[in-house]
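To start, the structure itself, in structure tokens.
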Number of protein chains: 2
Amino acid sequence: MNGQLENTLKAKQINPTAMRLLVLNFLQTQSYAISLTDLEKGLAPADRVTLYRTLKTFEENGLVHSIDDGTGVTKYAICKEHCHPGEHDDVHVHFFCKKCGGTFCLPKTQIPEVILPVNFHSDEINIVAKGLCGQCSG
Amino acid sequence: MNGQLENTLKAKQINPTAMRLLVLNFLQTQSYAISLTDLEKGLAPADRVTLYRTLKTFEENGLVHSIDDGTGVTKYAICKEHCHPGEHDDVHVHFFCKKCGGTFCLPKTQIPEVILPVNFHSDEINIVAKGLCGQCSG
DNA sequence: TTAAACTTTGCAATGGCATTGCATTGTAAC
DNA sequence: GTTACAATGCAATGCCATTGCAAAGTTTAA
């Protein structure tokens with residue numbers, strides 16, 4: 001059982017340990033990006049550092065990506081698109097709900113070209129929209 | 001002397017104390033956004049908390065704005081445009097140099113419309129481009 | 001001028017998060 | 001089964017943001 005989770009990990013060259021399967025499963029059931037602390041609570045009494053390293057491993061292998069939503073706390077979400085180890089999709093568009101605190105990955109929209117000063121070169125852009133999510137603006 | 005600095009503060013309803021004049025002066029001489037730690041080093045041996053509160057006061061009164069450049073450390077820069085107390089310019093476009101670590105406020109360019117899911121409402125958007133600045137890409 | 005009231009500053013302390021070191025346990029190869 | 005490597009758990013550190021409180025400074029009013 002759980003062959004699917006296992007295969008997902010193997011496909012990314014990640015050793016499918018019990019802990020990792022738990023983490024992956026938990027991540028897959030989330031509707032939005034979660035923090036390390038969220039994960040810790042959801043998987044108590046798992047060790048925080050182990051979870052931290054698990055997320056790191058997932059990220060390095062292109063299974064999840066980390067999000068800086070401006071709260072100062074890193075959030076993680078499963079990569080929906082084709083991320084490659086070490087080099088994720090360069091463009092991230094996320095939405096932070098000021099009421100519920102949820103962080104959502106937005107579907108890839110057209111990415112704006114930002115005009116840079118002379119000699120400035122950008123290879124990455126982080127975009128976070130803030131406001132009220134569907135649930136909270138009802 | 002220093003009537004200019006003083007007037008700048010007064011114009012924002014900020015009591016022009018010695019400390020605040022120092023901080024304002026320091027901020028004005030920076031070519032890019034600085035962190036609390038930067039400020040602390042530049043104005044040693046001033047107390048960190050006092051500087052922190054000074055920045056807060058400046059921010060609340062629309063004199064500086066804080067920037068989340070994705071490093072996890074808040075940066076501050078003087079508002080060049082017309083920020084109002086409590087409600088800053090909603091759109092921030094900044095550039096983070098991966099080499100020198102400098103954070104720059106970019107001139108206001110056209111801001112992209114991000115397409116949001118149904119019922120999502122955004123009133124703020126944070127955009128950070130990352131790469132190499134003019135100095136570092138030479 | 002002095003006392004009271006308010007503002008600003010400085011010091012101490014806390015809390016949260018990211019990160020690392022190291023010892024222990026689990027797993028796989030020989 | 002023993003050796004070698006990977007993963008886990010615990011302890012500890014460091015950095016940053018933030019708050020409480022007391023001391024010092026400033027303004028206002030008798």
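In this structure, Phe120(A) has its ring center under 6.0 Å from that of Phe104(B).
Thr50(A) has its side chain within reach of Met19(A): a pair of non-hydrogen atoms, C-beta onward, lies under 4.5 Å apart. Using a 4.5 Å heavy-atom threshold, the side chains of Phe26(B) and Leu39(B) count as touching.
Leu51(B) has its CG atom 17 Å from the P atom of dT19(D), to the nearest Å. Glu40(A) places its CD atom 13 Å from the C1' atom of dC10(D), with the value rounded to the nearest Å. When the P atom of dA6(D) is taken as reference, atom CD of Gln13(A) falls 15 Å away, rounded to whole Å. Separating the NZ atom of Lys10(A) from the C1' atom of dA6(D) is a distance of 16 Å, rounded to the nearest angstrom.
Separating the CG atom in Leu106(A) from the CD1 atom in Ile127(A) is a distance of 10.0 Å, to the nearest 0.5 Å.
The backbone N or O of Ser35(A) sits less than 3.5 Å from a side-chain atom of Asp38(A), completing a donor-acceptor pair.
Neither side chain, Asn15(A) nor Thr17(A), offers a donor N or O lying under 3.5 Å from an acceptor on the other.
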What is the per-nucleotide protein-contact pattern of nucleotides 5-18 of chain C, from the 5' end, where B denotes a base atom under 4.0 Å from a protein heavy atom, S denotes such proximity for sugar-phosphate atoms only, and - denotes neither?
--SSSBBB----SS

